[in-house]
Amino acid sequence: MSEKNNLSGTEKIKVASQGLRGTLKESLTDAHTGAIREDDQALVKFHGMYMQDDRDRREERSRKKLEPLYSFMIRLRLPGGFMTPEQWIGLHHVAGNYSTGTIKITTRQTIQLHGILKSHTKPTISAFNTMQLDSIAACGDVNRNVTCASHPKESPLHEEIYQFAREISAHHLPKSRGYYEVWMDAEKLVETTEEDPLYQDRYLPRKFKIGIAIPPNNDVDVFINDLGLIAIIEDGELKGYNLAAGGGLGTTHGNASTYARLGSMLGYVPKAQALKAIYEVITVQRDFGNRSDRKQARIKYTIDKLGVDAYRAEVEKRCGFSFEPARPYAFTSRKDAYGWSQNHEGKWYYTLFIENGRVVDENNYPLKTGLLKIAETGKANFRFTCNQNLILSDIADADKAIVEQLLVEHQIIKSTDNASPMRRNSMACVALNTCALAMAEAQRYLPTLISKIEPLLQKHQLADEDIIVRMTGCPNGCGRSPNAEIGFVGTSLGKYNLHIGGDRLGERLNTKYKDSLDETGILDTLDNLFDVYVKERSAGETFGDFSQRKWISDNR
Ligand code: SRM
Ligand code: SF4
């Protein structure tokens with residue numbers, strides 16, 4: 001049967017949803033359950049939410065014949081990852097009033113709150129709305145949060161590029177006002193047309209992600225995006241962007257037709273044509289993407305099905321102009337610049353390490369309180385990084401001492417400085433207890449595992465190496481484990497596939513080296529690998545490059 005005649009269930013739900021409204025209003029008022037109706041569970045994602053349940057409590061609840069402890073995760077749309085101090089204060093209180101209280105900085109530069117009960121979803125969204133924050137299109141088959149290089153020190157052109165990230169986000173929002181009707185009881189404006197030339201009534205075949213990198217830093221991991229933009233700056237002026245399409249990291253264990261892929265270069269467009277080119281890259285995916293099998297629906301599969309040249313040609317036909325050959329650029333780093341730095345305007349920035357993006361007061365470390373106190377001074381903006389960290393930004397020279405004092409008082413500088421290079425370069429996805437797809441722990445386990453890897457690094461005199469290590473609780477790749485130098489991918493509770501050979505800059509994916517190792521297996525294997533690395537590496541060769549040369553390429 002053709003893809004057209006064999007639409008997936010989600011496709012039917014989208015078309016029948018009347019602008020993503022479905023029966024969400026009815027679902028929300030049903031007091032008999034903490035859940036929402038099945039079709040609405042698919043639609044609520046377009047409003048930036050996932051229905052989840054507390055997996056730690058499943059068994060206990062089932063024994064007591066109770067339904068699972070349903071709650072919602074809400075993800076903000078925050079292009080470029082920027083928040084004012086006032087918004088952070090509001091977020092702090094919303095998190096405390098309605099969610100578990102933990103503020104989670106995600107790998108795509110935004111914020112998630114977890115554990116929000118159904119009855120608290122509307123107050124949460126309304127509270128965000130009063131703070132000029134929303135969660136529209138943060139999830140679902142649409143263009144999602146647009147990421148942008150996070151450190152304004154990198155370039156005087158950062159502001160211009162950040163504004164473009166916001167423009168891309170706004171330009172590709174769904175036209176439906178369903179969000180306001182469902183969550184804020186806005187009246188239906190009958191005379192308002194909701195015609196949506198981009199999404200029509202079927203939206204995209206799958207999620208769509210855009211990220212913008214400003215060389216020389218690839219902190220956004222530009223090539224893992226469905227569409228990655230690399231800013232081309234010549235003679236101190238932003239000229240345009242190289243566009244790379246077809247990145248994506250999700251795979252399914254045992255399903256060889258799924259694979260991780262880095263974006264293919266489509267070419268360069270001057271900045272005046274960039275928005276049109278982006279729009280048409282999306283419409284081609286809308287029209288050619290697979291709508292029957294969601295595991296084959298990302299743009300990476302569409303591009304491999306059509307071929308890069310044919311995909312590019314279709315975009316060019318729709319644009320009415322052609323891509324130029326990609327312009328030269330070079331990445332030299334992918335990490336966050338921890339500590340203090342000053343930008344071209346003399347403003348100060350403090351980049352702090354937040355382990356796996358979890359902002360919470362725990363283990364005698366009052367991080368969340370400290371950030372609230374800093375926000376209350378009104379002296380620093382908040383910028384989130386794609387490495388799940390935070391930059392306190394735009395601090396005037398005269399205000400630096402006040403912020404620094406609060407950073408010291410709340411042990412934030414100590415915590416950032418004391419983290420080992422491996423820990424600072426680590427990331428893990430959420431996984432248990434909220435992620436429905438998790439097969440193993442990730443953010444709750446990686447910190448402990450790193451504490452056990454650190455002595456091995458010391459033993460081999462590798463403690464100062466900036467090795468990038470990432471863990472995900474399943475092969476979906478949310479913590480971007482497929483393009484780390486060392487990637488751990490959960491297979492079952494306590495077991496991980498070990499991947500090695502990714503490069504330091506995010507330009508080469510890693511490869512599976514060992515299956516389903518337990519902790520002892522991981523530590524023994526790394527001990528051996530580090531031993532060989534230290535003895536045989538060339539001068540300056542990174543662990544990822546050495547692993548690729550020694551254990552991956554040679555075995556092909
Ligand atoms: Fe992700 C699904 C969390 C970044 C690939 N991701 C999920 C869900 C919503 C689970 C679900 O579908 O039920 C997770 C919610 C867990 C929870 O309890 O909060 C989830 N993904 C995350 C976050 C929060 C991880 C983190 O700890 O930071 C990241 C939120 C980003 C954001 O703010 O928008 C997150 N997810 C990513 C990334 C990395 C990136 O984009 O930089 C990827 C790999 C890149 C890519 O998209 O290919 C990623 N998430 C996936 C996939 C695999 C999609 C695929 O093509 O196969 C899924 C599963 C799916 O869509 O079916 C998924
Ligand atoms: Fe969940 Fe898997 Fe994503 Fe981790 S990688 S958050 S376990 S879907």
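We count residues from 1, following the sequence as given. Computed over heavy atoms, backbone and side chain alike; hydrogens, waters and symmetry mates excluded. Nothing here was measured: the structure is a model prediction, and the numbers come from that model.
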Calculate, to the nearest 0.5 Å, the distance between atoms [atom1] and [atom2] belonging to [X] and [Y] respectively.
X    : Y    : atom1 : atom2 : value
T302 : Y311 : OG1   : OH    : 6.0 Å
S420 : L457 : OG    : CG    : 7.5 Å
D39  : Q41  : CG    : CD    : 9.0 Å
M265 : I230 : CE    : CD1   : 4.0 Å
K295 : T252 : NZ    : OG1   : 3.0 Å
E485 : L505 : CD    : CG    : 9.0 Å

Counting only N and O atoms by type, is there a donor-acceptor contact under 3.5 Å from the side chain of [X] to the main-chain atoms of [Y]?
X    : Y    : value
R294 : S8   : no
R504 : R334 : no
E465 : T542 : no

A side-chain contact here means heavy atoms from C-beta on lying under 4.5 Å apart; do [X] and [Y] qualify?
X    : Y    : result
V220 : I212 : no
D515 : T491 : no
P79  : I168 : no
K317 : V284 : no
E541 : R549 : yes
L449 : F488 : yes
P475 : V489 : yes

Within a reach of under 6.0 Å around [atom1] of [X], are more than 12 heavy atoms found that belong to other residues, nucleotides or ligands?
X    : atom1 : value
R423 : CZ    : yes
E38  : CD    : no
K495 : NZ    : no

- Do F46 and Y179 have ring centroids that are under 6.0 Å from one another?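 When the ring centroids of Y179 and F46 are compared, they turn out to be at least 6.0 Å apart.
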
- Task: Answer yes if the ring centres of Y241 and F164 are under 6.0 angstrom apart, and no otherwise.
- Result: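 Yes, the ring of Y241 comes within the 6.0 Å limit of the ring of F164, centre to centre.
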
- Query: Given the rule in the side chain to side chain contact (heavy atoms under 4.5 Å, CB included) test, do V469 and N425 qualify, once you have shown the distances and angles that lead to the verdict?
  - Reply: CA-CA 6 Å; V469 56; N425 287 305; 5.9 Å; no

- Query: How far apart are the C-alpha atoms of R75 and T106, what are their side-chain angles, what is the distance that settles it, and do they pass the side-chain hydrogen bond (donor to acceptor under 3.5 Å, both in side chains) test?
  - Reply: CA-CA 9 Å; R75 184 185 289 165; T106 74; 5.7 Å; no

- Query: Is it true that the NZ or CZ of R327 lies under 6.0 Å from the centre of Y268's six-membered ring and within 45 degrees of the ring axis?
  - Reply: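 Checked: cation-pi criterion met.
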
- Task: Dump the intermediate steps for side chain to side chain contact (heavy atoms under 4.5 Å, CB included) on M83 and L133, then the final yes or no.
- Result: CA-CA 9 Å; M83 240 185 217; L133 292 171; 4.0 Å; yes

For the pair [X] and [Y], name the ring-plane relationship: parallel under 30°, tilted 30 to 60°, perpendicular over 60°.
X    : Y    : answer
Y259 : Y301 : perpendicular
Y533 : F543 : perpendicular
H158 : Y162 : parallel

Is the shortest side-chain N to carboxylate O distance from [X] to [Y] below 4.0 Å?
X    : Y    : answer
D287 : R202 : yes
R291 : E11  : yes
E324 : K239 : no

- Task: Just grab all the salt bridge (Lys or Arg N to Asp or Glu O under 4.0 Å) pairs involving residues 244-266, residues at least two apart or on different chains.
- Result: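 For residues 244-266, and leaving out neighbouring residues, the salt bridge (Lys or Arg N to Asp or Glu O under 4.0 Å) pairs sorted by first residue read R261-D304.
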
- Which side chain to side chain donor-acceptor pair (under 3.5 Å) pairs, counting each pair once, include a residue from residues 203-212, with sequence neighbours left out?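 Not a single pair qualifies under side chain to side chain donor-acceptor pair (under 3.5 Å).
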
- Item | Stepwise side chain to side chain contact (heavy atoms under 4.5 Å, CB included) test for V142 and H172 | CA-CA 8 Å; V142 279; H172 299 95; over 6 Å; no

Please check if any side-chain donor atom of [X] sits under 3.5 Å from a side-chain acceptor atom of [Y], or the reverse.
X    : Y    : answer
E167 : Q163 : no
T385 : D336 : yes
T147 : N145 : no
K305 : Q296 : no
R383 : S393 : yes

- Derivation of the side-chain hydrogen bond (donor to acceptor under 3.5 Å, both in side chains) call for R470 and N483: CA-CA 8 Å; R470 296 174 174 177; N483 68 342; 3.1 Å; yes

- Query: Going through the distances and angles, do I552 and I500 end up as a side chain to side chain contact (heavy atoms under 4.5 Å, CB included)?
  - Reply: CA-CA 8 Å; I552 307 298; I500 53 173; 3.9 Å; yes

